Novice: 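Structure in structure tokens, see below.
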Amino acid sequence: MHCPYCHHDDSRVVDSRTADDGAAIRRRRQCPSCSRRFTTVETASLQVQKRSGVLEPFSRSKVASGVRKACQGRPVSDDDLAVLAQTVEDAVRALGNPEVPAREVGMAILGPLRSLDEVAYLRFASVYRDFDSLEDFEAEVTLLRVERESAARLRAEDNSSEARTDVTQKPGQSQTNQKASRKLESKSP
Ligand SMILES: [Zn+2]
């Protein structure tokens with residue numbers, strides 16, 4: 001690798017260590033011509049193919065900043081976002097392809113974001129999955145509520161207690177809830 005300062009066409013590795021929990025190798029290099037030192041980072045190539053077809057390197061900070069917009073005003077910290085971005089990277093790398101469509105990255109964000117914050121999830125999903133009507137939101141909210149209730153039921157059964165967690169509702173929400181349950185009833189045979 002050539003020297004970034006004087007462009008001498010060679011450099012010598014003076015130190016080499018793994019970084020990022022083994023996902024990367026950092027090498028300290030020295031230029032034999034100008035003697036200046038610089039660091040290179042080697043990671044397995046992971047490129048994201050945007051809708052336009054353009055490839056760009058996968059970036060955890062891009063994932064975090066994309067999700068951060070959906071988290072405005074929500075109790076989600078930068079640490080939460082960093083963990084989410086790492087989870088997304090692991091999931092995307094696990095697909096086993098050096099190039100992944102941006103869509104797959106978006107898909108990998110949905111699950112972890114939902115466990116992090118349901119409101120932020122709805123915001124993100126509405127943009128990402130092109131919600132274009134109130135019904136789209138309603139269906140998604142219904143799904144979230146059903147899953148939350150069945151999770152609560154499971155927890156209650158686990159505790160083998162009769163206590164049932166009831167979510168306190170604001171007046172505006174109860175209507176949606178009624179609609180949602182109507183929708184559920186009409187879906188069941
Ligand atoms: Zn140099």
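As the structure lists them, so they are numbered: ligands from 1, and atoms in each ligand from 1. None of the values given here were measured: they were computed from a predicted structure.
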Novice: Any ion pair linking R26 and E42 (charged N to carboxylate O, less than 4.0 Å)?
Specialist: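 Looking at R26 together with E42, the answer is no, because their closest N to O distance does not fall below 4.0 Å.
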Novice: Taking distance alone, no hydrogens or angles, what donor-acceptor pairs closer than 3.5 Å link side-chain atoms of residues 91-102 to residues at least two apart or in another chain?
Specialist:
residue: R93; atom: NE; partner: E89; partner atom: OE2; Å: 2.8
residue: R93; atom: NH1; partner: A44; partner atom: O; Å: 3.1
residue: R93; atom: NH2; partner: A44; partner atom: O; Å: 3.3
residue: R93; atom: NH2; partner: E89; partner atom: OE2; Å: 3.1

Novice: I'd like to check the ring pair (Phe, Tyr, Trp, His ring centres under 6.0 Å) partners of F137; sequence neighbours left out, ordered by chain and number.
Specialist: F131
Novice: Could you name each residue pair satisfying side-chain hydrogen bond (donor to acceptor under 3.5 Å, both in side chains) that touches residues 73-84, not counting sequence neighbours?
Specialist: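 Of all non-adjacent pairs touching residues 73-84, those that pass side-chain hydrogen bond (donor to acceptor under 3.5 Å, both in side chains) are R68-D78, R74-D117, S77-D80.
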Novice: Does a side chain donor of either T40 or R29 reach within less than 3.5 Å of an acceptor in the other side chain?
Specialist: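 Short answer, yes.
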Novice: Which residues and atoms, protein N, O or S only, are under 2.8 Å from the Zn ion (ligand 1)?
Specialist: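 C3 SG, C6 SG, C31 SG, C34 SG, with waters left out.
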Novice: Under 4.0 Å between a Lys/Arg side-chain N and an Asp/Glu carboxylate O for R60 and D20?
Specialist: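 Salt bridge between R60 and D20, a charged N being under 4.0 Å from a carboxylate O: yes.
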